[in-house]
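This report refers to the structure that appears directly beneath it.
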Amino acid sequence: MNEQELADALDTKMKLYNEIFGIFDNQLNTTYKNNLAGVIFDRIVFASEQIQNSDIDTIQKFRNNKQYEDCDRTLIVSGLTISLLNHFDAKKLHLLIDFVTDFEEGVWQKALVGLLFTLTRYNNKLGLFPEIGKRLNELKEIADIQNSIYIIDRVLRFGSYSAKETYKRNPNRVIDILKVYMGNSIDLTREELIEIQNDLNTSSCNTDIESKMINSILNKDKIDELLSKLGDAESISMSINDFVEVLDLDTYLELYELNPFRFNLKDDFFKSSRNWFMPFKDNENIRNILVNDCNVEDIDIVDFISVLQKSSISDIDKHCFLIHIKDYSDDFICMLYAILSIDILDSQNKYMSILEKNITMFVRDLYRFSKSYEIDNKNNMFDKKLSIYGQSLLEKIANNITKIKINSQYLYDNENYKESLESLQNIPKNKYDFDIFELFANNYIALEQYEDAIPYLDKVILLIENGENIVNDTIKAAWYRKAKNLYSNLEDKAPDEYRNTYRAYLDKETTVR
């Protein structure tokens, strides 16, 4: 075959290739569009330890073709993260960095979490891949990424992705949540207690899912004790604080920690790893489930979908609830709808920004998956204390200011207030941001150096009131209360000036609350 014949053969090959695969590519964008992300997720996680070039091409299609939805890209980011936590692959790491630097809202934050988890695990290998090191170094110049690294470190160290860790730090949180849902007290009739007692005495395989959900968190011995205390009375009233004593708190936290709607991991829904990360989005399938299986006349379907979307429970909980909705009574669905509606209002008043909330939710999804899914847990990174603080990884991905902030926060959390202040002094004043002003103020207040705290406290409140740092009314009220208390402690030094400022902050706190 001469050169002309070879050129003609290659030309024919390309025409055939484009004709055959051009049709297939078109089908990927149309016929198979809604299923493609799930298939790619499975291929990333299960097909091979090293990603195939054809899969890289398809993933780049997801990145560059906005016909695909953001939920498709978040699912692929989750697949890349899980796969990387099992096996190192430099190509997958590059893809995660691509998703980070695309800065698509709701996607890049998850990609950054996955990137940091991966880097934490494979920090000792990064020296072999200078091109990765170069890209990480470029991230040091991006303010949003540096701020997010600071938040991710805080989420990991505080364990706010875990109900158990949260409860250890704040045992009253469980009581606060129950008060939101149930009020300050609860009345239980003899009939209700006997019914609960009978359910607790029944084997779980014969108990409906609602009873499992409610009664699995109750302590049988304490229910028996309540019945014996009734005497001739037909009901008993108790405060929520007393009701907590009736709970099997370990079981309650275990259910809340892993999945409020999960009672059997053998359920087919949980066998697919992609379901643990499938974004919850209003679509035809979800509407059909509610139309066919939810017959509660008092609940508007559109409103119900909106409540599910906005609530702070994980997407897997929402999907699982819908799958089993036909098994629930109308009363139980109404109760859950009310709880989720309250949850929306409650979640809007958390002491965290939207960014921190999104980061926490994805870390929690990874945590629950790693604890519940049937995978090799020998190297489960959640079994050890997580933090970027003190690791050499910080040098690779964090700029100097981020490193100082993380170090100062660590010192503050461990009550080393003077050392934290000394660390903060190394940041140039023209680089101060909300977090730095906040750390200065908190350190001085902890040291009872109230007058030193005033300029930093004033700056924090100014940023909040000007909307430069997006916070909710709960955070705003907390800072007004902190300022009110500070000026209360200073009243004896300049009574008129500080007393007036105290009253001003008292009025502001009252108005916001």
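This structure is a prediction, so every number in the text was calculated from the model and none was measured.
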Task: Those residues that, when tested against D89, pass salt bridge (charged side-chain N to carboxylate O under 4.0 Å, His left out) (two or more places apart) - done: none
- [ ] Write down the atom of L486, the atom of A453, and the distance for their closest heavy-atom approach.
- [x] CD1-CB, 3.8 Å
Task: Worked check of side-chain contact (heavy atoms from CB on, under 4.5 Å) between K91 and N53 - done: CA-CA 9 Å; K91 292 179 180 178; N53 287 334; 3.4 Å; yes
Task: Worked check of ring pair (Phe, Tyr, Trp, His ring centres under 6.0 Å) between F321 and F280 - done: CA-CA 12 Å; F321 165 67; F280 183 88; 9.5 Å; no
TODO: Indicate the atoms forming the closest heavy-atom contact of I404 with S423, along with that distance.
DONE: CG2-O, 3.2 Å
Open item on the list: If we ignore hydrogens and angles and just use 3.5 Å, is the side chain of Q52 paired with the main-chain N or O of Q50 as donor and acceptor?
Closed with: yes
Task: Where V45 and G79 come nearest, the two heavy atoms and their spacing - done: CG2-O, 3.7 Å
Task: salt bridge (charged side-chain N to carboxylate O under 4.0 Å, His left out) against E422, all qualifying residues, sequence neighbours excluded - done: none
TODO: Hey, could you give me the CD1/CD1 distance between I305 and I299, rounded to the nearest 0.5 Å?
DONE: 12.0 Å
TODO: Report, as yes or no, whether the 6.0 Å neighbourhood of atom NZ on K396 holds more than 12 heavy atoms from other residues, nucleotides or ligands.
DONE: yes
Open item on the list: Taking salt bridge (charged side-chain N to carboxylate O under 4.0 Å, His left out) as the definition, give me every residue that meets it alongside D98, ordered by chain and number, with sequence neighbours left out.
Closed with: R63, R135
Open item on the list: Before you tell me yes or no, could you show the steps for K125 and F88 under side-chain contact (heavy atoms from CB on, under 4.5 Å), namely the whole-Å CA-CA distance, both residues' side-chain angles and the distance that decides it to 0.1 Å?
Closed with: CA-CA 9 Å; K125 298 183 183 348; F88 179 82; 4.0 Å; yes
TODO: Could you tell me the separation between the NE2 atom of H94 and the CD1 atom of I56, rounded to the nearest 0.5 Å?
DONE: 10.0 Å
Task: Residue pair S148 / L112: nearest heavy atoms and the distance that separates them - done: CB-CD2, 3.4 Å
TODO: With rounding to the nearest 0.5 Å, note down the distance linking CD in Q409 to CG in N414.
DONE: 10.0 Å
Open item on the list: Quick check for you: to the nearest 0.5 Å, what is the distance between N426 atom CG and S408 atom OG?
Closed with: 8.0 Å
TODO: Quick one: which residue pairs count as a ring pair (Phe, Tyr, Trp, His ring centres under 6.0 Å) with a foot in residues 133-153, not counting sequence neighbours?
DONE: none
Open item on the list: Minimum heavy-atom separation for M278 and H319, please, with both atom names.
Closed with: O-NE2, 3.2 Å
Open item on the list: Could you walk me through whether V363 and F117 satisfy the side-chain contact (heavy atoms from CB on, under 4.5 Å) test, starting with their C-alpha distance in whole Å, then the side-chain angles of each, then the deciding distance to 0.1 Å, before giving a yes or no?
Closed with: CA-CA 9 Å; V363 175; F117 270 52; 4.0 Å; yes
Open item on the list: Tell me if the CD atom of E131 is crowded by more than 12 foreign heavy atoms within 6.0 Å.
Closed with: yes
TODO: Verify side-chain contact (heavy atoms from CB on, under 4.5 Å) between L308 and L322, making sure each step is shown before the conclusion.
DONE: CA-CA 10 Å; L308 283 168; L322 286 182; 4.1 Å; yes
- [ ] Begin with the C-alpha distance, continue with both residues' side-chain angles, and end with the deciding distance and a verdict on side-chain hydrogen bond (donor to acceptor under 3.5 Å, both in side chains) for N485 and S488.
- [x] CA-CA 5 Å; N485 293 338; S488 174; 5.9 Å; no
- [ ] Apply the side-chain contact (heavy atoms from CB on, under 4.5 Å) test between L115 and each candidate in L93, I149, I145, T120; give the one that qualifies.
- [x] L93
Open item on the list: Any non-hydrogen side-chain atom of L290 less than 4.5 Å from a side-chain atom of R287?
Closed with: no
Open item on the list: Using side-chain heavy atoms (C-beta onward) and a distance below 4.5 Å, is Y68 in contact with K61?
Closed with: yes
Task: Heavy-atom side-chain contact between I401 and Q146 under 4.5 Å - done: no
Open item on the list: Between the side chains of D433 and K405, is the shortest nitrogen-to-carboxylate-oxygen separation below 4.0 Å, so that they form an ion pair?
Closed with: yes
- [ ] Answer yes or no: is there a side-chain heavy-atom contact under 4.5 Å between D72 and I76?
- [x] no
- [ ] Please work out whether the ring planes of F437 and Y432 are parallel, tilted or perpendicular, with thresholds of 30° and 60°.
- [x] perpendicular
Open item on the list: Quick check for you: to the nearest 0.5 Å, what is the distance between S420 atom OG and Y444 atom OH?
Closed with: 10.0 Å
Open item on the list: Test: salt bridge (Lys or Arg N to Asp or Glu O under 4.0 Å). Region: residues 136-147. Which pairs qualify, not counting sequence neighbours?
Closed with: none
Task: Test item: L136 and L126 side chains (from C-beta on) under 4.5 Å apart, heavy atoms - done: yes
TODO: Please report the shortest heavy-atom distance between F41 and S78, naming the atom on each side.
DONE: CE1-C, 4.0 Å
Task: Any side-chain heavy-atom pair of N147 and D435 under 4.5 Å - done: yes
- [ ] Could you check if a side-chain atom of I59 sits within less than 4.5 angstrom of a side-chain atom of I44, using non-hydrogen atoms only?
- [x] yes
Task: Any side-chain heavy-atom pair of F62 and I40 under 4.5 Å - done: yes
Open item on the list: Suppose the criterion is salt bridge (Lys or Arg N to Asp or Glu O under 4.0 Å): which pairs have a residue in residues 78-88, not counting sequence neighbours?
Closed with: none
Open item on the list: Could you go through D315 and K318, starting from their C-alpha distance and side-chain angles, then the distance that decides it, and tell me whether this counts as salt bridge (charged side-chain N to carboxylate O under 4.0 Å, His left out)?
Closed with: CA-CA 5 Å; D315 287 342; K318 300 170 187 177; 3.6 Å; yes
TODO: Starting at CG of N443, measure out to CD of E419 and round the result to the nearest 0.5 Å.
DONE: 9.5 Å
